[in-house]
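Fair warning: this is a prediction, and the values are worked out from it, not measured in the lab.
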Amino acid sequence: MKIRNVVHKGLRRFIASDDATGIQAAVVEKVRRIVTFLQDMESEDEIRTVPSWNAHLLTGDRKGTWSLFVTKNWRITFRIDQAEIEIIDLDHEDYH
């Protein structure tokens, strides 16, 4: 899937130029695997195929946003534009 926009400045820099400044050194490879997976996936159904990422949809005011486990508190979050089949609002955040 194409990534339309990235919210987190460090993640945006990482995707654009492989510059990991702004991402914890301990999770750079995991974030790389997640981003590569998201770019390579063809449908939303594939998200749950990696159990260790604990992929789930958020509820409440974040309804429709996917969350993937990175560390104890940090997650990769994003939404999917079904019409364009694109990932939007990709973020690396601590929402706990």
If I take atom [atom1] from residue [X] and atom [atom2] from residue [Y], how far apart are they, to the nearest 0.5 angstrom?
X	Y	atom1	atom2	value
Leu68	Ile34	CG	CD1	5.5 Å
Gln24	Thr71	CD	OG1	5.5 Å
Glu29	Ile23	CD	CD1	10.5 Å
Asn5	Arg12	CG	CZ	8.5 Å
Gln82	Ser43	CD	OG	9.5 Å
Phe14	His8	CZ	NE2	12.0 Å

Inset, instruction - Keeping to residues at least two apart or across chains, list the salt bridge (Lys or Arg N to Asp or Glu O under 4.0 Å) pairs with something in residues 79-89. - result: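 Found Lys2-Glu86, Arg4-Asp81, Arg4-Glu86, Arg79-Asp89.
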
Inset, instruction - Test Asp94 against Arg75 for salt bridge (Lys or Arg N to Asp or Glu O under 4.0 Å), laying out the working first. - result: CA-CA 6 Å; Asp94 177 1; Arg75 305 292 185 268; over 6 Å; no

Legend entry - Test of ring centre spacing under 6.0 Å for Phe37 and Trp53: yes

Inset, instruction - Please check if the distance between the ring centroids of Trp66 and His56 is under 6.0 Å. - result: no

Inset, instruction - Say whether Phe69 and Val28 are linked into one hydrophobic cluster, either directly or through other cluster members, by side-chain heavy-atom distances under 4.5 angstrom. - result: no

Inset, instruction - Please answer: with hydrophobic residues joined when any side-chain heavy atoms are less than 4.5 Å apart, are Ile47 and Ile3 in the same cluster? - result: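 Hydrophobic grouping puts Ile47 with Ile3.
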
Could you tell me if the side chain of [Y] sits less than 4.5 Å from the side chain of [X], heavy atoms only?
X	Y	answer
Val31	Val70	yes
Asp91	Ile76	no
Thr77	Val7	no
Met1	Leu38	no
Ile80	Ile88	no

Inset, instruction - State which residue, out of Leu57, Thr59, Leu58, fulfils the side chain to side chain contact (heavy atoms under 4.5 Å, CB included) condition with Thr65. - result: Leu58

Inset, instruction - Evaluate salt bridge (Lys or Arg N to Asp or Glu O under 4.0 Å) for Lys9 paired with Glu93, printing each intermediate quantity in order. - result: CA-CA 11 Å; Lys9 193 164 67 173; Glu93 63 179 309; over 6 Å; no

Legend entry - Polar side chain donor-acceptor pair, Asp19 to Ser17, under 3.5 angstrom: no

